[in-house]
Each structure stands twice: as structure tokens, then as C-alpha cells.
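Scroll down for the structure; my scribbles are underneath it.
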Amino acid sequence: MSENITSQQPLKHIAFIMDGNGRWAKKRGLPRDHGHRFGVTAFETVLKHCEKLGIQTVTVYAFSTENWKRPPKEVETIMKLMDHYLAECEKKIDEYNMHICFLGDKSPFEEKRRARMERLEKLTANKPRVLNIALNYGGRDEIVRACNALIASGARNVTEADFAAALDTKGRDDPDLIVRTGGDLRISNFLLWQCAYAEFYFTDVLWPDFGPAEIDAAVEAFYKRKRRFGGV
Ligand code: FPP
């Protein structure tokens with residue numbers, strides 16, 4: 001990393017929009033499913049490298065509320081990959097060092113998957129680092145669910161803190177940096193409330209090709225930014 005790092009505050013939380021799996025597969029004449037499989041490998045590499053860099057929290061956008069529109073076979077592949085990853089985490093729970101937290105509405109998931117998600121959230125609760133997995137997540141959906149929870153609690157007038165406490169990310173830090181791979185320059189309904197002061201980094205690199213060198217480049221770009229949080 002370059003020596004002329006200028007940013008004031010350490011980078012604690014990176015959120016990733018893991019885009020480009022389908023195109024990566026297509027370029028190789030492979031079915032889209034293969035792109036997601038290699039996407040999981042990239043995700044694991046990213047987690048390791050973030051740990052090496054001392055990043056406390058990693059958030060990944062694994063499946064959005066809109067991704068149900070994809071062909072059923074593709075949805076099934078992504079869910080199976082997730083199930084497999086979670087089953088492996090559970091098997092190696094003693095070595096696993098991240099607190100897994102799910103962002104998104106768990107209610108559409110079948111009981112077995114939902115139970116495993118909830119079990120892992122509890123089993124990893126004392127781990128030192130945080131992994132937020134956004135699964136069936138949409139920023140608008142999260143905000144509407146928060147509004148409904150506040151209404152149901154009888155709230156009539158809420159503060160920003162009350163609202164933040166009704167979100168899936170309750171009690172957790174906002175992302176410092178949001179990285180999107182795959183070349184598109186948009187937020188796609190990700191962390192709409194939480195991104196208020198995030199820095200954005202976009203790269204054309206497709207997610208399965210995203211690795212340590214690309215993370216270093218994103219981190220270096222972050223440290224060159226001046227974050228003022230509305231001040232001067
Ligand atoms: C976007 O690429 C990627 C997704 C919608 C799914 C991402 C999911 C994974 C990497 C697996 C999740 C599992 C774990 C364990 C984290 P795209 O398919 O939209 O790519 P394209 O834009 O090239 O079509």
C-alpha cells in the first residue's frame with residue numbers, strides 16, 4: 001500500500017456488492033451457476049484478506065429482495081451455496097472467528113434454513129469480528145419493516161437513533177467503504193440508510209476475479225479520501 005495515506009479514521013467496515021458472477025461465467029462459456037460457485041471462493045479470499053488488514057466488519061450483499069426474479073435454478077444454486085457455507089461454519093465453529101449476522105427478512109425461508117441462520121447468529125455471538133450477510137435483503141424493505149415495527153410498538157415520534165435501532169443493523173457500525181464490483185455505478189437497494197456517509201469504490205473487475213490486490217487498491221483509495229461527515 002502507498003505511503004501517502006491521508007485519511008484520519010481507520011477503516012473498520014467494508015461492505016461489498018458482489019456483482020459480475022454471471023458475466024464471469026459467460027466469458028468462459030460456463031453456466032451462470034459456476035460464476036456463483038467461484039463467487040463463494042472470492043468471498044472466502046476477501047474475508048481472509050480483510051482479516052489480515054485488520055478490518056473489523058465485512059458486509060456482503062448475497063441475495064437481494066429482487067433476486068427472486070431470477071430463474072428458479074439460479075436462486076436454488078445461490079441458496080445451496082449459502083447453506084453449504086453455513087453448514088461448514090457450524091462444523092468448524094471453534095476456529096471460526098466472525099460473528100455472523102443476517103440482514104434481511106428471514107420469514108420466506110424454509111424452517112430448516114431459518115433455524116440454521118438463527119443458530120449461527122447465536123453460536124458466533126462472542127466471536128471477535130463481524131460478518132453481516134445480506135440475504136433476502138433490500139434497503140427499502142428494511143426501512144418499511146422498521147417503520148412497521150415502530151408503529152406496532154406504539155411509537156408516534158421517533159429520533160434517528162430510534163429508527164436505527166429498528167433496522168436489521170441495530171447496534172452495528174455503518175460501513176466506512178462500499179465496494180461494488182462488475183462495473184455498474186449504482187447502489188441497487190443496498191444499505192440505503194446506513195450508506196449516508198460511506199465512501200464508494202466502483203471497479204470493473206468481476207466478483208470472482210476480485211482478490212487481495214483489488215482490496216488493497218480499494219483500501220488505498222479510501223485512505224486518500226477526506227471524510228468530513230458534513231463538517232469542514
Ligand atoms: C451478482 O452477480 C451476484 C449475486 C446476485 C449472488 C452473489 C452470491 C454469491 C457470491 C454466493 C453467496 C454465498 C455466500 C456464501 C456468500 P450477477 O449474477 O448479477 O452477475 P452479472 O451481473 O454478471 O449477471
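Counting starts at 1 for both ligands and their atoms, in listed order.
- Looking at Y85 next to ligand 1, no N or O pair under 3.5 Å apart turns up.
- At a 4.0 Å cut-off, at least one heavy atom of G20 sits close enough to ligand 1 to count as contact.
- Considering backbone and side-chain atoms together, R23 places an N or O closer than 3.5 Å to an N or O of ligand 1.
- For the pair G22 and ligand 1, the shortest N or O to N or O distance falls below 3.5 Å.
- Taking the six-membered ring for Trp and the full ring otherwise, W207 and F38 have centroids separated by 6.0 Å or more.
- Taking 4.0 Å as the cut-off, R70 counts as a neighbour of ligand 1 on heavy-atom distance.
- Heavy atoms of L206 found under 4.0 angstrom from ligand 1: none, in either backbone or side chain.
- In this structure, R32 has a heavy atom closer than 4.0 Å to ligand 1.
- Here the straight-line distance linking atom CD of E74 with atom CE of M79 works out to 11.0 Å at 0.5 Å rounding.
- For the pairing with I133, the side chain to side chain contact (heavy atoms under 4.5 Å, CB included) check across V58, L103, I100 returns one residue only, I100.
- The ligand atoms of ligand 1 that sit less than 4.0 angstrom from a heavy atom of A62 are 6 (C), 7 (C), 8 (C).
- For the ligand labelled ligand 1, residue N67 lies inside the 4.0 Å heavy-atom shell.
- In terms of the side chain to side chain contact (heavy atoms under 4.5 Å, CB included) criterion, residue partners of L192 (sequence neighbours excluded) are, by chain and number, R140, I143, I187, N189.
- Of all protein heavy atoms, the one lying nearest to atom 4 (C) of ligand 1 is H36 CE1, 3.9 Å.
- Of the charged side-chain nitrogens involved, none lies within less than 4.0 Å of a carboxylate oxygen, so that D83 and K112 do not count as a salt-bridged pair.
- Taking both residues in full, the closest heavy atoms of R180 and S188 are given as NH1-OG, 2.8 Å, listed atom of the first, atom of the second, then distance.
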